[in-house]
Amino acid sequence: MADLPSEWAADAVEILSEIPKSVSIQIGSNGTPKAFNALLTPPQVLQDIETGGFVNHTNFEAKFLKTDVTANPTYFVFGNIMNYNGNQYRLMTIIDRPPSAWYIIKVQTLVQ
């Protein structure tokens, strides 16, 4: 029987090498950004009602290689900031589904 998790990990590396998006993640608002490649889902716009009216928030999912996350665990923590395409997003949800080769991280527009 084949070692499926190893095959999935090799496939994930190949997929990410073909269609990566370059992002960086920093620890807190003043941390030094570190670059990673990720797969990104199409963005969604959500509206929250706040004092004074509606506020739009953009959110999407970023898939990172499990090997990147386990090698750099302090970057993949709730509340850290992901920079992509000139915008900042807060890491909101971190999903690990063993034996998947990916970590899925949901991010949302950084509101300061």
Side-chain angles (χ1 to χ4, degrees):
M1 181 180 213
D3 179 15
L4 288 179
S6 294
E7 288 183 32
W8 293 335
D11 290 345
V13 169
E14 187 175 338
I15 290 167
L16 194 58
S17 71
E18 292 179 10
I19 50 174
K21 299 290 185 193
S22 180
V23 303
S24 65
I25 297 178
Q26 63 190 57
I27 300 169
S29 59
N30 296 322
T32 302
K34 182 174 175 87
F36 296 96
N37 284 329
L39 298 178
L40 305 179
T41 62
Q44 301 173 355
V45 177
L46 304 173
Q47 285 189 334
D48 288 332
I49 189 159
E50 302 279 341
T51 303
F54 289 99
V55 176
N56 289 338
H57 297 284
T58 302
N59 71 5
F60 56 90
E61 293 180 353
K63 290 174 78 172
F64 294 90
L65 292 175
K66 187 172 280 194
T67 53
D68 284 345
V69 175
T70 56
N72 301 281
T74 57
Y75 285 91
F76 297 92
V77 175
F78 302 106
N80 281 349
I81 298 169
M82 185 178 90
N83 302 291
Y84 171 67
N85 205 24
N87 296 310
Q88 292 187 317
Y89 303 90
R90 184 159 316 279
L91 278 63
M92 302 295 287
T93 306
I94 300 171
I95 303 167
D96 177 18
R97 294 184 179 139
S100 174
W102 303 98
Y103 266 77
I104 302 169
I105 299 180
K106 294 182 181 184
V107 298
Q108 181 173 311
T109 308
L110 178 65
V111 178
Q112 299 178 345

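With sequence neighbours left out, the side-chain hydrogen bond (donor to acceptor under 3.5 Å, both in side chains) criterion links Lys66 to Asp96. Partners of Glu50 by side-chain hydrogen bond (donor to acceptor under 3.5 Å, both in side chains), not counting sequence neighbours: none found. By the side-chain hydrogen bond (donor to acceptor under 3.5 Å, both in side chains) test, Gln26 is found to be paired with Asn83, residues two or more places apart in sequence or in another chain being considered. Under the side-chain hydrogen bond (donor to acceptor under 3.5 Å, both in side chains) criterion, Ser100 pairs with no residue at all, not counting sequence neighbours.
The line from CG of Leu65 to OG1 of Thr70 is 9.5 Å long, rounded to the nearest 0.5 Å. The OH atom of Tyr75 sits 13.5 Å away from the CD1 atom of Ile105 when rounded to the nearest 0.5 Å. Distance CD1/Ile81 to CG/Leu91: 9.0 Å, rounded to 0.5 Å. Distance check, rounded to the nearest 0.5 Å: OG of Ser24 to OH of Tyr84 gives 12.0 Å. For the atom pair Asn85 CG and Lys21 NZ, the distance stands at 8.5 Å (nearest 0.5 Å). Distance check: Asn37 CG to Asp68 CG gives 8.0 Å after rounding to the nearest 0.5 Å.
For residues 30-43, the set of pairs meeting the salt bridge (charged side-chain N to carboxylate O under 4.0 Å, His left out) definition, not counting sequence neighbours, is empty.
Outside the 6.0 Å centre-distance limit, the rings of Tyr103 and Phe76 are not counted as a close aromatic pair.
Taking every heavy atom of both residues into account, Val107 and Met82 meet most closely at CG2-CE, 4.0 Å. For Gly28 against Asn80, the heavy-atom pair with the smallest separation is N-OD1, 3.4 Å. For the residue pair Thr58 and Val45, the shortest heavy atom distance occurs at OG1-CG2, 4.2 Å.
Within the 3.5 Å criterion, the main-chain N or O of Gly79 finds a donor-acceptor partner in the side chain of Arg90. Judged by distance alone, with hydrogens and angles left aside, the side-chain atoms of Asp48 form no donor-acceptor pair with the main-chain N or O of Val55 at under 3.5 Å. For the pair Thr41 (side chain) and Glu61 (backbone), a donor-acceptor distance under 3.5 Å is present.
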Candidate pair Phe64 and Ile25, rule side-chain contact (heavy atoms from CB on, under 4.5 Å), full reasoning: CA-CA 12 Å; Phe64 294 90; Ile25 297 178; 3.9 Å; yes

Kindly indicate, with the supporting measurements, whether the criterion side-chain contact (heavy atoms from CB on, under 4.5 Å) is fulfilled by Asn59 and Leu46. CA-CA 8 Å; Asn59 71 5; Leu46 304 173; 3.2 Å; yes

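Taking hydrophobic clusters as Ile, Leu, Val, Met, Phe, Trp and Tyr residues chained together by side-chain heavy-atom distances below 4.5 Å, Phe36 does not share a cluster with Ile104.
In this structure, the side chains of Trp102 and Leu39 come closer than 4.5 Å at one or more pairs of heavy atoms.
Residue Phe54 shares its hydrophobic cluster (ILVMFWY side chains chained together at separations under 4.5 Å) with Ile49.
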